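Encoded as structure tokens, the structure appears first; notes follow it.
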Amino acid sequence: MSFGKGHHLHLIDGSAFIFRAYHALPPLTRKSDGLPIGAVAGFCNMLWKYVTDERGADAPTHAAVIFDHSAKTFRNEIYPEYKANRPELPEDLRPQFPLTREATKAFNIACIETEGYEADDIIAALSCQARDAGGSVTIISSDKDLMQLVGNGVGMLDPMKNQPIGPDEVFEKFGVGPDRVVDVQSLAGDAVDNVPGAPGIGIKTAALLIQEYGDLETLLERAGEIKQPKRRQTLIDHAEQIRISKRLVTLDCDTPLDFTLESLEVKEPDPQVLMGFLSEMEFRTLTNRVAERFKTEAPVISSAPVAPAADGAGVAPKGGPDFPAIDRASYTTISDAATLEQWIAEIREAGHVAIDTETTSLDEMQAELVGISLCVTAGKAGYIPLGHVAGEADLFGGGAKAEGQMDRDAVLKALKPVLEDDAILKILHNAKYDWKILARHGVRMAPLDDTMLLSYALHAGLHNHGMDELSQNYLNHAPQPIKDLIGSGKSQISFAQVPVDKATGYAAEDADVTLRLWQIFRPQLMPNAVTTAYERLERPMIPVLAGMEMAGIRIDPQHLSRMSGAFAQKMAQYEDEAQRLAGTKFNLGSPKQLGEILFDQMGLQGGAKGKSGAYSTSADVLEDLAAEGHDLPARVLDWRGVAKLKSTYTDALPTYVNPETGRVHTSYSITGAQTGRLASTEPNLQNIPIRTEEGRRIREAFIAETGNKLVSLDYSQIELRILAHVANIPALQQAFHEGIDIHAMTASQMFGVPVEGMDPMVRRQAKAINFGVIYGISGFGLSRNLRIPRAEAQAFIDTYFQRFPGIREYMDKTVADAKRDGFVRTLFGRRINTPNINANGPAAGGAKRAAINAPIQGAAADIIRRAMIRMPVAIADLPAKMLLQVHDELVFEVREDAVDDLIATARRVMEGAAEPAVKLDVPLVVDAGVGDNWAEAH
DNA sequence: GCCCTCACG
DNA sequence: GACGTACGTGAGGGCT
């Protein structure tokens, strides 16, 4: 049956419903998992009210709900600023959009949206078609932009007041009939949609003018006749802008539609489908209403949440919900096969288990497995002792195996199917540690959740993510310190020597705490919109980093030893000379003694005392003194340079060589840096010297195995590229596309000098500014960095912002976002909290700069993480291993004959790492180097 | 255990 | 108008 006379079409403005619902209701969340559903709840209530309203003869024969598809429409092509000053969508609303579409379909109402068009355009086209076919239309909306459609069988209905809007109401609003509404809007403009109109002319004046001249075109043609001089001039000057405004506000009857009016015929909802959706959303009242109306049974909505619910959309609340108290004495020691089988059955039943391993060392490469604890339900945890020894330790630190322990390999054999079962989630705190321990026993644990990483995804910037700190903060419980069991310092014992009963209390408690933290944190991901960040940027790092750490890197201890010897000689030489210059023996390593000699005894100028009341003897200060011709500070600088290299690198690195592998195994901290960067410890392999020639030679000690090469690939200028993208600076983007020297380009733009034959000093200054921008530039900081007067530095910065105003806007917006939300985000959704952003005093400045830097440094960190996560699969067929990450660099060890393959593959992965999540407006470029050692490769 | 200094990106 | 300032880390040595 075709749509025509006697038919009545209802067009519901879905987006308006959503926003009204969102703002009318508190931020409700779904009880079982914390999903924000306030707007969905309101939306469903409104739809329910709509479908159950008695309309009699006015009842629609056809109906549809129309949504806006995306923010960008064809109007942005006409006028880029259209709707540009709309506030950002609230964090917790966007995830509800797809659910409102599902709700509409559950109500069995046609659900319509079209890319590139606003809901209003679709409504216009449908209204025209229906009217032309001889039917009537009611638009369920109170949006004034739709009022131009009223008349000739098209009416509106304000859904809140349930009040019809006809030609009279339109005239009341605009002072003209519906056919001239567009003309008035074009003149008056619209602040909300950012339609410019004519400045100084509002609806009242616009209506007067249109009434007088009949229509807009006539008015613009005869604008010269207007008596008021100001108004006349405005219309003449802004004629073009007014015509653009008209194109923006005019709704088009010819919007393409890929469906027919007939397909919108009203259908009864299927009660089962509708109740299915509503119960999934856990809307109990509405589900019951539907059941009542359709005289059917309502489905039972589980009142047992999957996990404790959060109150609101904020960060996880303090204190645990409905958990039993933690009682260390209540835990089970699992020491026989039957009990273990029972635990395994419970784990399979639950589908998840919290796990913690106990070992003899914090170094996973050397630690021996001592026991495993398990927890399935809060308060019910068990410990499987495996490697405890009885009595006093013998000469080798071991002893007889303690009683009541199962065979380690038998237990691992029983647990392995669980630990590797795709259907059983393993929950750990700092899973990388346990993953490595178990990997050494042939178990590749998966899938994983990690409460340390959950906390990091949610709380980066708020606090650290150690279990004790989290337990204290979120469970209000202080777990037993390990010191209680093993002591500390010289008398410290191994966990293997701890009696089994005490070990059970400690170890099982950790699993219990981990499970509770998981139950609190996991539901917080969705409402805080960090699910993707956690699942795509944090969690997959665990096996990747574990692999890199276990691979380690070979070093040449003899090379380091030779350097240490040479450094010792130099130090002695510098020390003698310095003490001769000072006229007294003193400890060159003591800033306190040095400061007193320089500034009190020798009376040199430039002594500045810091907070602690001590003179600063930093390199900056000593360099200034040396430049004035003083020899003592120069010798101290020489001494310090060598002393640092010797103590931190050439002496220390060989002590980290693992006796079994003969290699150095660093440990990467995933949560160490607030921005998403990794941190490397024990040893730190991310700060191996390179800037000085002497320091660079230390890199020669990092070598490839025989027949292999080290390959280093690093991102070129990645942070500046990200800045060019996020701040949307066309000049910078273009320079990156053309492969131009970015610092020279900046200098050229700022100072108007050509790139060809540029003074290196000018380029250096531009480079310092480029870096400064990323750090949240200040005149003071730049002046110190470049050693130029502060006023001059400030003038550079002013020029820079004048030339690149988008950067200033980006920085201002970032700070404003941080102030409003309490956090900033990277392009990839990583959230970095900024708790001090609204502080007063000097802390505020630091928080601002950190907020400006975080999305840039963080996005770079996200990109290299994405590359690292894809890398193991990408290079699986090559005789190559990824060994190190240094923020923008990845170091590989690869068999000589596969170097070219490795470079091609790794480069492809790294350069494409942002995609498909983000399509950058700049290319990512990766430079590669090869060598027998790291110095050659870099 | 804090402070200073300095290595890296 | 003064204040204190580049962003993010980890390690070693001095000193209390």
Side-chain angles (χ1 to χ4, degrees), chain A residues 460-461 586-595 608-622 636-637 639-653 655-656 666-669 671-692 694-696 698-699 714-720 723 768-786 790 793 797 811 824 832 840-858 860-861 864 884-889 934 938:
Chain A
F586 72 104
N587 185 347
L588 271 76
S590 165
K592 187 163 173 273
Q593 293 180 28
L594 176 65
K609 292 189 179 182
K611 279 175 260 187
S612 57
Y615 290 112
S616 169
T617 65
S618 67
D620 269 4
V621 175
L622 299 189
V636 173
L637 282 169
W639 180 89
R640 275 190 186 167
V642 180
K644 172 81 176 181
L645 296 179
K646 183 171 186 291
S647 67
T648 310
Y649 302 103
T650 58
D651 286 352
L653 280 173
T655 70
Y656 286 101
T666 185
S667 181
Y668 288 102
S669 164
T671 62
Q674 317 203 344
T675 52
R677 275 193 179 180
L678 301 177
S680 157
T681 63
E682 292 181 62
N684 181 354
L685 295 186
Q686 292 181 322
N687 71 345
I688 303 303
I690 193 164
R691 291 174 188 170
T692 66
E694 224 166 19
R696 198 182 151 77
I698 291 171
R699 292 201 173 210
D714 69 290
Y715 285 107
S716 161
Q717 311 279 15
I718 188 165
E719 293 192 356
L720 275 178
L723 177 69
I769 295 171
N770 275 332
F771 277 102
V773 164
I774 293 171
Y775 298 150
I777 199 161
S778 76
F780 179 91
L782 185 64
S783 77
R784 204 173 62 173
N785 188 293
L786 285 175
R790 201 171 151 175
I797 294 170
M811 292 168 77
V824 293
I832 298 134
N840 290 314
K848 262 188 179 176
R849 291 191 295 272
I852 289 167
N853 176 256
I856 302 169
Q857 187 180 113
I864 198 164
L884 302 178
Q885 188 247 45
V886 193
H887 309 309
D888 64 0
E889 173 188 9
W934 196 3
H938 190 83

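Basis for what follows: all heavy atoms, side chains included, without hydrogens, waters or symmetry-related copies. Just so we're on the same page: letters track the sequence lines, and every chain starts at 1. For clarity, every value in this text was computed on a predicted model and none was experimentally measured.
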Which part of the nucleic acid does [X] contact within heavy-atom distance under 4.0 Å: base, sugar-phosphate only, or nothing?
X	value
A:A793	nothing
A:N785	base
A:Q674	sugar-phosphate

[X], nearest nucleotide to its side chain (from [options]):
X	options	answer
A:Q857	C:dA6, C:dG8, C:dG14	C:dG8
A:N684	C:dT16, C:dA6, C:dA11	C:dA11
A:S618	C:dT5, B:dC6, C:dG8	B:dC6
A:Y656	C:dC7, C:dG12, B:dC8	C:dG12
A:F780	C:dG10, C:dG12, C:dT5	C:dT5
A:A850	B:dG9, B:dA7, C:dC7	C:dC7
A:S647	C:dG12, C:dT9, C:dG14	C:dG12
A:P591	C:dC15, C:dG8, B:dC4	B:dC4
A:R790	C:dA6, C:dT9, C:dG4	C:dG4

**Study point:** side-chain contact (heavy atoms from CB on, under 4.5 Å) evaluation trace for A:V886 with A:W934
**Key:** CA-CA 12 Å; A:V886 193; A:W934 196 3; 3.8 Å; yes
Revision key, fill the gap. Minimal heavy-atom distance between A:A793 and A:L782, with the atoms involved, is O-CD2, 3.7 Å
Exercise for review: Write down the atom of A:T675, the atom of A:A861, and the distance for their closest heavy-atom approach.
Suggested key: O-CB, 4.3 Å
Rounded to whole Å, please give me the gap between [atom1] in [X] and [atom2] in [N].
X	N	atom1	atom2	answer
A:I688	C:dA11	CD1	P	11 Å
A:I797	C:dT5	CD1	P	16 Å
A:Y775	C:dT9	OH	P	13 Å
A:I698	C:dA11	CD1	P	16 Å

Review point. Is a donor-acceptor contact shorter than 3.5 angstrom present between the side chain of A:K644 and the base of B:dC6?
Key: yes
Practice item. Identify the residue among A:H887, A:Q674, A:E719 that makes a side chain to side chain contact (heavy atoms under 4.5 Å, CB included) with A:Q857. Key: A:E719
Ignoring backbone atoms, test whether [X] places a side-chain nitrogen or oxygen under 4.0 Å from the OP1 or OP2 oxygen of [N].
X	N	answer
A:T617	B:dT5	yes
A:S616	B:dT5	yes
A:Q885	B:dG9	no
A:T648	B:dC6	no
A:R677	C:dG8	no
A:N587	C:dG14	yes
A:R784	C:dA6	yes
A:R691	B:dG9	yes

Practice item. Specify the residue among A:V773 and A:P683 whose closest nucleotide of DNA chain C lies further upstream toward the 5′ end. Key: A:V773
Check your understanding: Are the side chain of A:S680 and the backbone N or O of A:Y668 linked by a donor-acceptor pair below 3.5 Å?
Key -> no
Check your understanding: Between A:Q686 and A:Q885, is there a donor-acceptor pair closer than 3.5 Å when you use the side chain of the first and the backbone of the second?
Key -> yes
Exercise for review: Could you give the distance separating B:dT5 and C:dC3 at their P atoms, to the nearest angstrom?
Suggested key: 22 Å
